[in-house]
Participant: 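The structure is given below, and queries will be raised subsequently.
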Amino acid sequence: MVTTPRSLALEYARHAPVVTFPPPLELPEVRFGALFSASRQDDVAHKWLRERVAALFPAKPQRKR
């Protein structure tokens with residue numbers, strides 16, 4: 001049993017026999033961020049990794065609170 005963002009649960013469910021259920025209460029939004037050294041900005045391998053990670057979490061429009 002785990003509480004995880006819906007997008008992550010649905011992606012995992014594509015590859016494994018899991019069942020998802022909505023939580024019984026309102027949960028706060030989960031936000032992700034990433035930091036990296038500016039000195040690694042031009043490193044080809046580092047750029048490749050950042051792009052792969054970013055593709056897992058596509059940007060969504062900001063919700064008004």
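If you're wondering where the values come from, they're calculated on a predicted model, not measured in any experiment.
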Participant: I'd like to check the side-chain hydrogen bond (donor to acceptor under 3.5 Å, both in side chains) partners of Arg50; sequence neighbours left out, ordered by chain and number.
Facilitator: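 By the side-chain hydrogen bond (donor to acceptor under 3.5 Å, both in side chains) rule, Arg50 matches His46.
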
Participant: Considering non-hydrogen atoms only, spot the tightest contact between Thr4 and Ala9 and give its length.
Facilitator: CG2-CB, 3.7 Å

Participant: For Arg14 versus Glu11, what's the shortest heavy-atom pair and its separation?
Facilitator: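 Answer, listing the atom of Arg14 first, then Glu11: NH1-OE1, 3.0 Å.
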
Participant: Could you tell me whether Leu35 atom CG has more than 12 heavy atoms of other residues or ligands within 6.0 Å of it?
Facilitator: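 Check fails, neighbour count at 12 or below.
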
Participant: Would Val44 end up clustered with Leu49 when hydrophobic side chains under 4.5 Å apart are linked, directly or stepwise?
Facilitator: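 Hydrophobic grouping puts Val44 apart from Leu49.
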
Participant: Under the rule for side-chain hydrogen bond (donor to acceptor under 3.5 Å, both in side chains), what residues qualify as partners of Ser39, not counting sequence neighbours?
Facilitator: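 Once residues adjacent in sequence are excluded, the partners of Ser39 under the side-chain hydrogen bond (donor to acceptor under 3.5 Å, both in side chains) criterion are Ser37.
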
